[in-house]
Student: 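Okay, here's the structure, questions in a sec.
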Amino acid sequence: MRNKQASQVKPNNKPTSNTSLPAGQGGETQQLAQAGQDVLTTKDGMPIADNQNSLRSYSRGPTELVDHVFLDKLTHFDRERIPERVVHARGSAAHGYFELTKSLSKYTTAKVLTELGKRTPVFTRISTVAGPAGSADTVRDVRGFAVKFYTDEGNWDLVGNNIPVFFIQDAMKFPDLVHAVKREPDRGFPSASSAHDSFWDFISLMPESMHMLMWVMSDRTIPRSLAMVEGFGVHTFRLINAKGESTFVKYHWRPVLGAQSLVWDEAVKIAGADADFHRRDLFESIEQQKYPAWDLAVQLFTEAEAEAFPFDVLDATKLIPEELVPLQVIGRMVLDKNPDNFFAETEQSAFSPSRIVPGMDFSNDPLLQGRTMSYTDTQVHRLGGPNFQQLPINKPRCPMHQFQRDGFGQTDIPKGRVAYEPNSLAPESARASQLIGQTSHATRVAEGVRGRSRSPSFADHYSQARLFYSSQTETEQTHIAAALTFELSKVETASIRERIVSHLRVIDDNLANTVAHGLAMDSLPPAAKAAVSPINMPTSDALSIMKKAKPTLDGRCVGVLMADGTDAKALNALVTALQKAGSRVKLIAPKIYGAVLDDGTKKAADAQLAGSPSVLYDAVVLMLAPEAAAELSKHAAAVDFVKDAFSHLKAIGHSKGAAPLLAASGVEIDAFFVPSSDTPKFIKLAAQRFWEREPKVRPKA
Ligand code: HDE
């Protein structure tokens with residue numbers, strides 16, 4: 001706030017030191033407001049005279065309890081933290097808009113899905129699941145993908161994941177799943193990792209998890225960037241049209257940059273080099289106006305069509321292959337504004353699959369049914385009461401009228417004596433409307449027996465696990481086997497490892513064999529008994545990231561290593577060409593103030609070599625003079641820079657002078673080494689990974 005007192009402050013060019021504060025006791029750092037500048041106040045608005053020293057009986061005496069300015073500050077500080085989300089605690093978010101390009105008016109009355117060309121504001125949060133709020137971004141984990149649409153008919157939250165299926169079929173099992181994957185309760189570790197006994201114990205006893213497990217062990221769970229993940233609504237939802245007819249719908253987000261993943265060793269090293277890798281990438285992309293974008297696509301199908309599928313669409317462990325029900329793109333989401341304040345927006349945002357708008361309804365998916373209750377319940381707890389929808393980030397941007405009152409955190413000041421309905425005292429007050437209100441689909445309820453039961457149509461746990469695995473490229477299959485081997489090697493209990501390999505045998509014997517070999521098991525355990533024998537479904541290319549890879553430098557970042565003596569002209573030309581190709585470019589040098597180039601100019605660096613390993617870049621260029629390259633060959637940071645780029649299958653551009661460093665790093669020059677002068681070739685290769693190199697650096701188990 002701008003306080004009146006500011007105008008009374010004498011104009012002065014420099015911060016004035018407070019003469020009442022002797023040197024050495026805070027006086028030197030005391031900064032007083034200049035003319036026109038805001039005056040610091042307490043939360044009650046009282047101007048503060050001294051923000052350095054608490055009130056003491058005498059200069060070396062005790063602090064007085066009457067120091068209300070000190071108390072105002074400290075009591076607030078003591079309450080700064082709120083409970084983190086019980087899952088998805090670590091997340092990053094941005095504002096943006098969704099623009100509808102194809103109307104679904106045949107299927108729904110929801111304005112957000114029918115008003116062609118309309119831009120609906122959104123707030124999107126992408127998260128990991130298991131780790132605490134301060135955990136690293138690049139751990140192997142599912143990514144949450146939550147979008148809040150501020151529509152004219154209320155907030156619609158599409159709260160999905162980057163994987164189209166889930167571990168469990170009934171919401172009742174969610175606390176067990178989460179307890180199993182989170183830190184083990186006696187020891188308090190590991191953080192943000194599924195590679196421990198309790199997770200694998202639980203999973204090995206839950207055959208319904210096998211499909212999701214294949215996705216989690218694939219590269220999907222180590223994305224390159226938040227802008228390069230797919231998103232899925234997961235459940236089957238309903239759309240309701242003006243005639244009251246219902247159509248089933250599944251939602252998909254497709255990243256415009258294409259889906260891309262890291263290499264596992266790279267993900268692990270990034271977690272050390274920059275734990276905020278994804279958050280920083282999202283923030284910087286938006287600051288640099290390289291806006292992440294996704295197409296929203298739907299799969300629409302009738303109940304009769306659903307009946308004919310060889311799986312149950314109410315079972316969240318199953319997906320509907322695109323080949324069976326094609327995707328229709330209906331619009332695009334663009335994230336173009338970073339939050340102004342992380343806590344107020346990202347941390348306090350509250351999403352729930354129960355937030356739908358007229359023209360939408362839920363299906364009977366038991367996981368979805370449970371979720372519709374759980375989110376608001378946790379938010380009332382986490383955000384301190386039932387008024388969290390009044391927080392600016394959660395507040396609908398359409399008119400709201402309701403008779404709910406009071407409670408912690410009430411920030412509205414409702415008017416009038418009537419807070420109930422029906423009433424005759426305020427005939428103009430709000431009433432429900434059959435015409436525009438949200439109505440539930442008039443589903444004919446099938447006869448059945450009430451009880452705690454699961455439909456037999458949920459019993460096939462392996463067919464789609466097999467479908468996913470068999471739809472991957474050989475490289476992707478190798479990665480799944482390697483991830484399983486890695487995680488199971490962290491499991492201490494042998495019987496748990498064996499139970500998992502038993503399940504793998506039902507999915508794919510080759511996979512089971514590779515993992516068993518990777519663990520050095522003496523013999524394969526018998527295959528698990530499947531409740532329903534799996535069928536072989538036709539493979540689906542859409543399930544593979546590599547088959548759909550978009551070779552582009554958009555959204556990617558090239559690291560250019562320079563040092564004293566680097567060819568200035570060549571460096572500048574390279575940077576311009578890379579930027580033109582859509583890449584961000586970071587100049588790395590041994591020292592942050594930069595390097596003196598061959599023309600005598602000093603070029604500032606974006607990053608210091610010792611703190612900027614090549615894992616942070618999609619491709620690298622060594623722009624070095626021979627003397628500098630020879631000097632850098634003595635430094636592990638420079639040698640590792642090259643070695644890691646090589647083992648992470650990246651394109652490596654190099655000047656002639658870089659030869660001594662290449663030699664010192666001992667890498668075998670192959671097709672992805674390019675003279676830095678050949679920029680077109682480098683740009684082409686930098687947009688890809690050289691998978692053919694992988695068996696040389698990570699021979700199969
Ligand atoms: Fe969540 N989930 N979940 N979940 N979920 C939460 O809500 C829950 C599930 C998902 O960025 C919590 O406000 C239950 C599936 C995302 O703020 C909590 C079940 C999918 C986010 C909760 C599931 C998700 C959450 C924790 C089993 C993909 C983060 C804090 C039925 C379709 C949203 C909160 C954000 C967060 C409950 C399973 C996605 C506890 C009971 C399936 C993206 O309420």
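Atoms within each ligand, like the ligands themselves, are counted from 1 in listed order. When reading the values below, keep in mind they use all heavy atoms of this one structure, side chains included, and skip hydrogens, waters and symmetry mates.
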Student: Among protein heavy atoms, which sits nearest to atom 40 (C) of ligand 1, and what does the distance come to when rounded to 0.1 Å?
Tutor: Val86 CG1, 3.3 Å
Student: Can you pull out the closest protein heavy atom to atom 34 (C) of ligand 1? Residue, atom name and distance to 0.1 Å, please.
Tutor: Thr378 CG2, 3.4 Å
Student: Closer than 4.0 Å to some heavy atom of Ala171 - which atoms of ligand 1 meet that?
Tutor: 31 (C)
Student: Are Glu303 and Arg238 ion-paired here, with the side-chain N under 4.0 Å from a carboxylate O?
Tutor: yes
Student: Identify the closest protein heavy atom to atom 32 (C) of ligand 1: which residue and atom is it, and at what distance?
Tutor: Arg371 NH1, 3.2 Å
Student: So which heavy atom in the protein is nearest atom 25 (C) of ligand 1, and how far is it from that ligand atom?
Tutor: His88 CD2, 3.2 Å
Student: Taking 4.0 angstrom as the limit and counting only heavy atoms of Arg85, give me the atoms of ligand 1 inside it, by number and element.
Tutor: 17 (O), 30 (C), 35 (C)
Student: Between Trp264 and Phe486, is the gap from one ring center to the other below 6.0 Å?
Tutor: yes
Student: So if I count the atoms of ligand 1 from 1 in the order they appear, which ones are less than 4.0 Å from some heavy atom of Gly144?
Tutor: 43 (C)
Student: Look at atom 35 (C) of ligand 1 and say which protein heavy atom is nearest, naming residue and atom and giving the distance to 0.1 Å.
Tutor: Arg125 NH1, 3.1 Å
Student: Which residue and atom name correspond to the protein heavy atom nearest atom 5 (N) of ligand 1, and how close is it?
Tutor: Tyr375 OH, 2.7 Å
Student: Only one of Gln328, Lys250, His252 clears side-chain hydrogen bond (donor to acceptor under 3.5 Å, both in side chains) with Gln299; which?
Tutor: His252
Student: Within less than 4.0 angstrom of ligand 1, does Gly370 place any heavy atom?
Tutor: no
Student: Please say which of Asn162, Thr221, Asn161 ends up in a side chain to side chain contact (heavy atoms under 4.5 Å, CB included) with Val229.
Tutor: Asn162
Student: N/O to N/O below 3.5 Å, does that happen between Gln379 and ligand 1?
Tutor: yes
Student: Among protein heavy atoms, which sits nearest to atom 43 (C) of ligand 1, and what does the distance come to when rounded to 0.1 Å?
Tutor: Gly160 O, 3.2 Å
Student: Is any N or O atom of Asn161, backbone or side chain, closer than 3.5 Å to an N or O atom of ligand 1?
Tutor: no
Student: Could you check Arg355, Gln404, Met400 and say which one makes a side chain to side chain contact (heavy atoms under 4.5 Å, CB included) with Gln389?
Tutor: Arg355
Student: Which of the atoms of ligand 1 are close to Phe145, meaning less than 4.0 Å from one of its heavy atoms?
Tutor: 43 (C)
Student: Counting only heavy atoms not in Phe408 (residues, nucleotides, ligands), do more than 12 fall under 6.0 Å from its CZ?
Tutor: no
Student: Can we say Glu487 and Lys490 salt-bridge, meaning some charged N sits less than 4.0 Å from an Asp/Glu carboxylate O?
Tutor: no
Student: Once you round to the nearest 0.5 Å, how far does CZ of Phe167 lie from CG of Leu367?
Tutor: 11.5 Å
Student: Does Val234 approach ligand 1 within less than 4.0 angstrom via side chain, backbone, both or neither, non-hydrogen atoms only?
Tutor: side chain
Student: Aromatic rings Phe301 and Phe309: how do their planes relate, parallel, tilted or perpendicular, breaks at 30° and 60°?
Tutor: tilted
Student: Ion pair present between Arg279 and Glu284, side-chain N to carboxylate O less than 4.0 angstrom?
Tutor: no
Student: Out of Phe388, Phe351, Tyr251, Phe174, who is nearest to atom 19 (C) of ligand 1 when you count heavy atoms only?
Tutor: Phe174
